[in-house]
Amino acid sequence: MSTLSELPVEQIEETPTPSAAGELSGRLFGQTLGAVELVNVYLGVELGLYRSLTEDGPATPAELAERTGIDVRYAQDWLAQQAVTGLLTARGDEPSTALFSPADGVRETLVDEISPFYVGGMTYIAPSVGRALPSLVAAFRTGGGVPYAAYGPEAVTAQGALNRPAYENSLIDEWLPQVPDIQARLADTARPARVADLGAGVGWSSIRLAEAFPHIRVDGYDLDEESIARGRRYVAERGVADRVDLEVADITQPLPGGGYDLAVFFECLHDLPHPVAALEVARRSLAPGGSVIVMEEHVAESFTAPGDEVERFMAAAGTIWCVPQGRIEADSEVVGPLDIRPAVMRRLAERAGFDDVEILPIEHPFWRFYRLDVRS
Ligand SMILES: C[S@@+](CC[C@H](N)C(=O)[O-])C[C@H]1O[C@@H](n2cnc3c(N)ncnc32)[C@H](O)[C@@H]1O
């Protein structure tokens, strides 16, 4: 191999050096490819196509169409696209008659909703934001907000499915053991604890807590009616309706209940128009000795550009999802997912009257956990 200095001048001049524009164009093409492929993945999740291929076995287009109630031509095109991108494998040369099987990992990532690898919910972000885009464009011009409901039912599916695997797999077995006194308080059958799940969404966290500690009561509050309606169905299906109560409520206003030994904000404080008010409400709703746990984004300590993938995800989700939803009130102080850094959390907690803010030793790539206490 010759070094650069050994090459004839004319050959050096001909060596193509990637231009910044060329590299950026390649990167943006890759992202467009990802976006259009992700919408195809969404169709597979929403229409139960991966589920059928995983649970009922490999299929030809005609068989998949028959099993799932979709059109044969669309089944053929979707199966071919999925094989081309590598999520399915095809046996046969003709897409119309080939037999398609799921690639390794499809079950865990796109079918099994409680697998730690499940990401099917993420694909609902695309149709959801699609619905809200006209309102988002207007909001960018006017400075107004976009209500959560404008993102449609897909938003509730996306949000519920995104965090569910963590609640199902980690909340009880990995996270709570890192806060032994709170774990012990929840396990104390002599004094059944009361928990408030603030911004509970569809309630998966409330359900897991109630299942793990069969004597405690959990009140979950969320402003979104669709989330609470779905959550109540899940609560009934999981058999904890006698101890989990999900209510539509604005958590920046005094709560219907009180006397909580633990109040949790799971990934919702940064969305709220009035985070300090919500923290004050939580503080006032605590029983003596009660604590607040806040799960928030694991963003860098200070603004970092360019950022890593977590930073990029939070920045992108912030502009199109969290910040517009938090700006629905004129005097909004919404923080957003990119700016909810430890120093900001400390300031919010101090303004809300908490004396102690501790970052808990729970390791997670996406989240940081804070414990807020009031000295008695
Ligand atoms: C990012 S989601 C998190 C939901 C849930 N904790 C989870 O982990 O899946 C934020 C939630 O905050 C709720 N929310 C926003 N503003 C609220 C308010 N003022 N009062 C109660 N809930 C609110 C939204 O409806 C949404 O369900």
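Just follow the structure's listing: the first ligand is 1, and inside any ligand the first atom is 1.
Side-chain atoms of Ser227 and Asp224 include a donor-acceptor pair closer than 3.5 Å. Defined by atom type and a distance below 3.5 Å, a donor-acceptor pair is present between the side-chain atoms of Tyr50 and Gln82.
Heavy-atom contacts from other residues, nucleotides or ligands closer than 6.0 Å to CG of Asp181 number more than 12.
With Asp219 as reference, Asp245 is the one residue of Leu246, Asp245, Leu198, Val195 to meet the side chain to side chain contact (heavy atoms under 4.5 Å, CB included) rule.
Around ligand 1 you find Tyr148, Gln159, Asn163, Tyr167, Gly199, Ala200, Gly201, Asp222, Leu223, Asp224, Ala249, Asp250, Ile251, Phe266, Glu267, Cys268, Asp271, Leu272, each with a heavy-atom distance below 4.0 Å.
The aromatic rings of Phe369 and Trp367 lie perpendicular to each other, with more than 60° between the two planes, well past the 30° mark. Note: Phe366 and Phe313 have perpendicular aromatic rings, judged against thresholds of 30 and 60 degrees for the angle between ring planes.
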